[in-house]
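Being a predicted model, the structure only gives us computed values, none of them experimental. We number each residue from 1, following the sequence as shown. All heavy atoms count here, side chains included; hydrogens, waters and symmetry mates do not. Whatever order the structure lists them in is the order used to number ligands and atoms, beginning at 1.
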Amino acid sequence: MAIAVRNLTKRFGTFQAVGGVSFEVPAGELVALLGPSGSGKSTILRIIAGLEPADSGDVEITGEDASNLSTQQRGVGFVFQHYALFRHMTIRQNVAFGLQVQKPRPPASEIKARVEELLELVQLLVHADRYPSQLSGGQRQRVALARALATRPKVLLLDEPFGALDAKVRDELRTWLRRLHDEVHVTSLFVTHDQQEAFEVADQVIVLNKGKVEQMGPPQELYEHPATPFVTEFLGSVNVLRAETVLGMELGDEVPLPLDVANSNDNSAVYVRPHDFEITRQSNGRPAWSARIRKLIPLGGLVRLDLTLLDGTTLNVQLTRERCLQLALVDGEDIYVSPKDWKVFHESKRFVENYVI
Ligand SMILES: Nc1ncnc2c1ncn2[C@@H]1O[C@H](COP(=O)(O)OP(=O)(O)OP(=O)(O)O)[C@@H](O)[C@H]1O
């Protein structure tokens, strides 16, 4: 393991920002710490970097107990949201800085070669003699990354590195970062509050909520098998249904409802993702609701349907444009809607279960 944290806690006054967090980052992986604002992501990253002391718990970097080491001794590279480049230095000088202050200082020829290699890697060799003010925000973050990598850190910590950039540049930089990581394989921990960003970039995602780890795993696994209601609702949009709505379905003869779901009388919740529904004009033997189309909203290759069920429940359903054209759906008409897949959170069992119907 390149990074291991165990039972980290941190309070600010009476507020518990980090409440017993443990996880491991395997060597060479890019792992995202994902959570809403205030969930403790930056605090955890700063504790790992040695910029903030923990109240209790351990940090290991490449197998070594780092709890009592300074930031320099930990061998971490750090990239912040707001580029902390030196304004009076050229890009080349910025990237060389960490090497020039290293003890012992590497020979000048080695520094020169390493800086050229990094500028090539971040595709900024052509701008090597410019000053930070002469670069775009996205280019400056690439320089910040090259600078953080210059001293060959054991691990790279990135705190919302693209947070201050506009959506299009952010998007490009994500793809770029993923490709760069596939080339250099430096173990990286990446903080973001953006689910799409975490899913696009990371090998594994750690979902944080209120200073605690809710779940960790590869993106697709988290999406398909969320362990808690929080993860289910945080990762993409989802319809949350009451047990009475589920019991009010017209039961088909072919497919029985998983009755323990519908009959559970504790505070269970049933979740269905917008793309996990089937729309038909006739009842097709599957459990279904009769529903009215309140609005069809074209979204490029997809169409969003706002539906209302007889008990007043509203559903957000997504179909492909082809399927919508095939069914010739229009606003205001009545159709049948059946879930293909749902997730049930059992209050008594404390986990989310998947059902394919
Ligand atoms: N130095 C501090 N003093 C007091 N409270 C702090 C301090 N640093 C962080 N906090 C509080 O701890 C909580 C966690 O902060 P943190 O920055 O780790 O969250 P985050 O998940 O990174 O959020 P964001 O995405 O908004 O940066 C927040 O409620 C924050 O206000």
Side-chain angles (χ1 to χ4, degrees), residues 3-25 29-61 66-67 70-71 74 76-84 137-138 140-141 144-145 148 155-167 169-171 173-174 177 187-202 204-217 219 222 226-237:
I3 305 173
V5 303
R6 294 197 191 90
N7 288 318
L8 278 194
T9 64
K10 177 76 186 177
R11 279 180 172 277
F12 293 107
T14 55
F15 180 75
Q16 180 101 47
V18 182
V21 163
S22 303
F23 61 79
E24 292 183 339
V25 179
E29 284 201 0
L30 199 170
V31 171
L33 261 181
L34 171 70
S37 179
S39 55
K41 309 178 294 289
S42 298
T43 306
I44 295 170
L45 210 67
R46 292 171 57 80
I47 293 172
I48 296 172
L51 296 168
E52 187 92 64
D55 293 340
S56 61
D58 300 310
V59 175
E60 265 181 27
I61 295 175
S67 307
S70 69
T71 301
R74 290 183 192 209
V76 299
F78 213 110
V79 180
F80 298 93
Q81 174 170 351
H82 295 286
Y83 11 83
R140 277 182 239 169
Q141 280 308 68
L145 201 74
V155 300
L156 185 63
L157 305 174
L158 305 116
D159 192 355
E160 298 260 7
F162 311 141
L165 306 169
D166 72 46
V169 179
R170 251 182 113 110
D171 217 35
L173 282 186
R174 278 178 207 164
L177 178 67
T187 308
S188 308
L189 190 57
F190 180 99
V191 160
T192 179
H193 64 269
D194 180 336
Q195 181 239 332
Q196 202 184 335
E197 183 158 282
F199 273 40
E200 266 186 54
V201 164
Q204 297 207 61
V205 176
I206 302 166
V207 182
L208 277 184
N209 178 29
K210 296 184 181 154
K212 292 203 159 75
V213 174
E214 289 268 332
Q215 194 176 0
M216 175 172 180
L222 294 191
T228 66
F230 177 84
V231 177
T232 314
E233 293 186 47
F234 192 64
L235 302 184
S237 62

inquiry  = Out of Thr43, Leu34, Leu45, Val18, who is nearest to atom 18 (O) of ligand 1 when you count heavy atoms only?
reply    = Thr43
From CG (Leu33) to CG (Leu158), nearest 0.5 Å = 11.0 Å
request  = Select one of side chain, backbone, both or neither to describe which atoms of Lys41 lie under 4.0 Å from any atom of ligand 1, heavy atoms only.
outcome  = both
message = Does any part of the side chain of Ile44, heavy atoms only, come nearer than 4.5 Å to the side chain of Val191, both counted from C-beta?
response = no
key: Between CD on residue Gln204 and CG on residue Leu30, distance to nearest 0.5 Å   = 11.0 Å
key: Subset of ligand 1 atoms that lie under 4.0 Å from at least one heavy atom of Pro36   = 21 (O)
ask   = Under 4.0 angstrom from atom 30 (C) of ligand 1, is there any protein heavy atom?
value = no
Pairing residues for Ser39 by the side-chain hydrogen bond (donor to acceptor under 3.5 Å, both in side chains) criterion, not counting sequence neighbours = none
key: Validation row: Pro161, Gln141 side chains within 4.5 angstrom (heavy atoms)   = yes
remark   = Only one of Lys212, Lys210, Lys10, Arg11 passes side-chain hydrogen bond (donor to acceptor under 3.5 Å, both in side chains) with Gln16, and that residue is Arg11
key: Side chain to side chain, Phe23 and Leu189, heavy atoms closer than 4.5 Å   = yes
request  = Kindly confirm or rule out an N or O of Ser42 lying under 3.5 angstrom from an N or O of ligand 1.
outcome  = yes
message = Would Gly38 count as being in polar contact with ligand 1, using the rule that some N or O on each side must be under 3.5 angstrom apart?
response = yes
ask   = Does ligand 1 have any atom sitting under 4.0 Å from a heavy atom of Ser39?
value = yes
remark   = In this structure, atom 13 (C) of ligand 1 is nearest to the protein heavy atom Phe15 CE2, 3.4 Å
query = Please state which protein non-hydrogen atom is closest to atom 26 (O) of ligand 1 and give its distance, to 0.1 Å?
reply = Ser37 OG, 2.6 Å
key: Taking atom 9 (C) of ligand 1 as the reference point, the nearest protein heavy atom with its distance   = Phe12 CE1, 3.4 Å
query = Does an N or O from Gly40, backbone or side chain, lie closer than 3.5 Å to an N or O of ligand 1?
reply = yes
request  = Take Arg174 and Asp194, measure what side chain to side chain contact (heavy atoms under 4.5 Å, CB included) needs, and give me the verdict at the end.
outcome  = CA-CA 12 Å; Arg174 278 178 207 164; Asp194 180 336; 3.3 Å; yes
